[in-house]
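All residue numbers refer to positions in the sequence shown, counting from 1. Whatever order the structure lists them in is the order used to number ligands and atoms, beginning at 1. If you're wondering where the values come from, they're calculated on a predicted model, not measured in any experiment.
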Amino acid sequence: MNTALLQLTHIRQSYDEHHVINDLSLSLWKGEIGCFLGPSGCGKTTALRCIAGFESISDGEILINNRCVSDAKSAIPPEKRQIGMVFQDYALFPHLDVEANIGFGLHKLARSERNARVEEWLHIVQLSNVAKKYPHELSGGQQQRVALARALAPQPALLLLDEPFSNLDVSLREQLSLEVRDILKNQGATAILVTHDQSEAFAIADKIGVMYDGNIQQWDTAYNLYHRPANRLVADFIGQGVFLPGKVIDSQQIEIELGILKSPEPLTFAKNNIVDVLMRPDTIVHDHASSLLATVTHKAFKGAEILYTLQLTSGRKVLSLVSSHYNHDIGERIGIKLITEYIVAFKTVN
Ligand SMILES: Nc1ncnc2c1ncn2[C@@H]1O[C@H](COP(=O)(O)OP(=O)(O)OP(=O)(O)O)[C@@H](O)[C@H]1O
């Protein structure tokens with residue numbers, strides 16, 4: 001018995017001759033928050049629209065709660081899929097006040113029950129004090145909270161959020177995405193979010209699908225996408241870093257110019273293979289006592305940390321994230337050491 005709340009199996013979708021979704025599969029479990037992350041045009045919104053039922057699919061199958069809602073031959077209309085939606089532009093009803101917006105999808109409930117549900121959601125999204133106001137009288141963040149409450153009040157099986165924070169300024173975006181995560185988790189809601197903002201995806205999602213050309217390259221936790229990227233596309237897209245050439249010594253060791261890296265698990269390369277090894281800014285750690293030296297060629301102040309660009313003896317450059325208490329000058333030579341839990345390496349492309 002399949003227990004995923006949402007299951008996409010080899011789905012395809014195209015506009016005319018243009019294939020937008022190519023053989024996309026995923027499982028999202030009840031109570032999980034998923035996210036489609038990827039560059040513009042990779043098909044994130046289209047994938048969400050297929051799940052919502054606004055687009056039909058030409059191949060594969062979409063199941064919600066074990067019920068087929070779309071396949072190549074048939075599709076259940078959006079309003080019968082038990083989904084809630086939150087859009088980038090909030091899409092609130094301008095002629096209805098906050099209370100009426102939240103109560104909009106609750107017409108099947110008796111009036112007292114509906115009022116109680118609206119009251120409860122006003123409290124959850126902390127908008128009881130503006131219950132009688134109209135959307136145009138609210139800030140962007142408040143409007144998005146109303147949209148969230150309106151979508152969740154009817155208790156949908158699945159909530160879909162399309163770039164919900166992109167109209168908000170950066171600081172509010174981060175704060176609201178954490179708030180929304182808490183609300184979804186407290187309600188036990190299952191949700192999928194579309195974004196091209198990594199920090200937003202990291203802040204809110206349990207599982208993130210990095211998309212390219214209409215397919216998911218890796219469906220995984222933020223930690224694994226960053227530390228254990230499945231391929232070069234994911235490694236390049238997620239976080240920062242550079243590749244250094246390395247030589248495979250044996251099944252668990254690779255030599256790079258900074259020393260020998262040991263892998264806790266067997267590597268898939270043959271001895272003497274030349275590979276590209278991913279160096280994240282947190283792999284290169286500042287260490288006064290180290291005799292391994294690198295020259296500061298650039299620095300970007302980030303507040304708590306400084307992101308240094310360091311030139312190695314070979315002339316190659318790496319990044320290093322260092323506490324901003326260590327404020328070095330351009331041209332200074334500083335001690336570094338390597339900290340790696342996993343080795344991320346890919347076959348060198350010529
Ligand atoms: N209604 C449409 N008709 C024809 N082509 C479309 C339509 N909607 C989207 N596309 C095309 O499908 C591709 C994927 O679009 P989609 O909006 O899903 O990408 P996205 O990853 O959400 O991008 P963004 O981050 O820019 O919103 C793009 O090449 C786009 O031009």
Side-chain angles (χ1 to χ4, degrees), residues 6-26 28 33-62 64 69-72 75 77-79 81 83-91 140 143-144 147-148 151 158-170 172-174 176-177 180 191-220 222 225 229-240:
L6 173 70
Q7 178 104 47
L8 271 54
T9 316
H10 302 297
I11 70 160
R12 290 180 199 276
Q13 187 272 358
S14 39
Y15 292 112
D16 304 320
E17 295 295 285
H18 176 45
H19 297 292
V20 175
I21 303 296
N22 291 309
D23 199 20
L24 190 153
S25 299
L26 68 86
L28 186 73
I33 305 172
C35 175
F36 294 139
L37 176 70
S40 184
C42 67
K44 306 181 290 293
T45 298
T46 305
L48 202 74
R49 289 175 60 81
C50 290
I51 298 168
F54 299 130
E55 302 292 344
S56 52
I57 56 174
S58 57
D59 220 339
E61 194 177 48
I62 300 176
I64 296 178
V69 293
S70 280
D71 61 18
E79 65 278 11
R81 293 188 178 206
I83 49 162
M85 288 218 57
V86 174
F87 302 94
Q88 179 176 359
D89 59 0
Y90 323 129
Q143 289 187 54
Q144 201 50 302
L148 183 73
L158 178 66
L159 180 70
L160 304 176
L161 305 108
D162 191 2
E163 303 254 10
F165 311 115
S166 56
N167 281 350
L168 306 172
D169 67 55
V170 176
L172 187 60
R173 210 184 286 178
E174 243 176 79
L176 197 61
S177 47
V180 167
I192 290 217
L193 162 98
V194 160
T195 183
H196 51 251
D197 181 333
Q198 283 185 37
S199 44
E200 195 173 297
F202 289 175
I204 200 166
D206 301 308
K207 293 272 176 61
I208 300 165
V210 177
M211 283 186 71
Y212 272 89
D213 283 345
N215 203 345
I216 291 181
Q217 300 291 320
Q218 189 172 353
W219 176 249
D220 217 328
L225 293 177
N231 58 37
R232 198 182 279 263
L233 280 173
V234 177
D236 278 335
F237 188 73
I238 296 290
Q240 288 177 299

Who's the nearest protein heavy-atom neighbour of [atom], and how far?
{"atom": "atom 25 (O) of ligand 1", "result": "K44 NZ, 2.8 Å"}
{"atom": "atom 18 (O) of ligand 1", "result": "T46 OG1, 2.5 Å"}
{"atom": "atom 26 (O) of ligand 1", "result": "S40 OG, 2.5 Å"}
{"atom": "atom 23 (O) of ligand 1", "result": "G41 N, 2.8 Å"}
{"atom": "atom 7 (C) of ligand 1", "result": "Y15 CE1, 3.2 Å"}
{"atom": "atom 17 (O) of ligand 1", "result": "T45 CB, 3.8 Å"}

E200 and S177: side chain donor to acceptor below 3.5 Å: no
Donor-acceptor side-chain pairing of S70 and R81 below 3.5 angstrom: yes
Protein non-hydrogen atom found under 4.0 Å from atom 31 (O) of ligand 1: no
Heavy-atom contacts with [X] under 4.0 Å: which atoms of ligand 1 show up? List them by number with element.
{"X": "C42", "answer": "19 (O), 21 (O)"}
{"X": "V20", "answer": "12 (O), 13 (C), 14 (C)"}
{"X": "H18", "answer": "29 (O)"}

Test item: V210 and L233 side chains (from C-beta on) under 4.5 Å apart, heavy atoms: no
Nearest-0.5 Å distance that lies between atom CZ in F165 and atom CG in D197: 10.0 Å
Gap between atom CD of E163 and atom CG of L168 - 0.5 Å precision: 11.5 Å
Minimal non-hydrogen separation, P78 against I83, with atom names: O-CG1, 3.8 Å
Any P39 heavy atom less than 4.0 Å from ligand 1: yes
Contact check: G43 vs ligand 1, nitrogen or oxygen atoms, below 3.5 angstrom: yes
Parallel, tilted or perpendicular, as decided by the 30° and 60° cut-offs, for the rings of F237 and Y212: perpendicular
Stepwise side-chain contact (heavy atoms from CB on, under 4.5 Å) check, L193 with V180: CA-CA 11 Å; L193 162 98; V180 167; over 6 Å; no
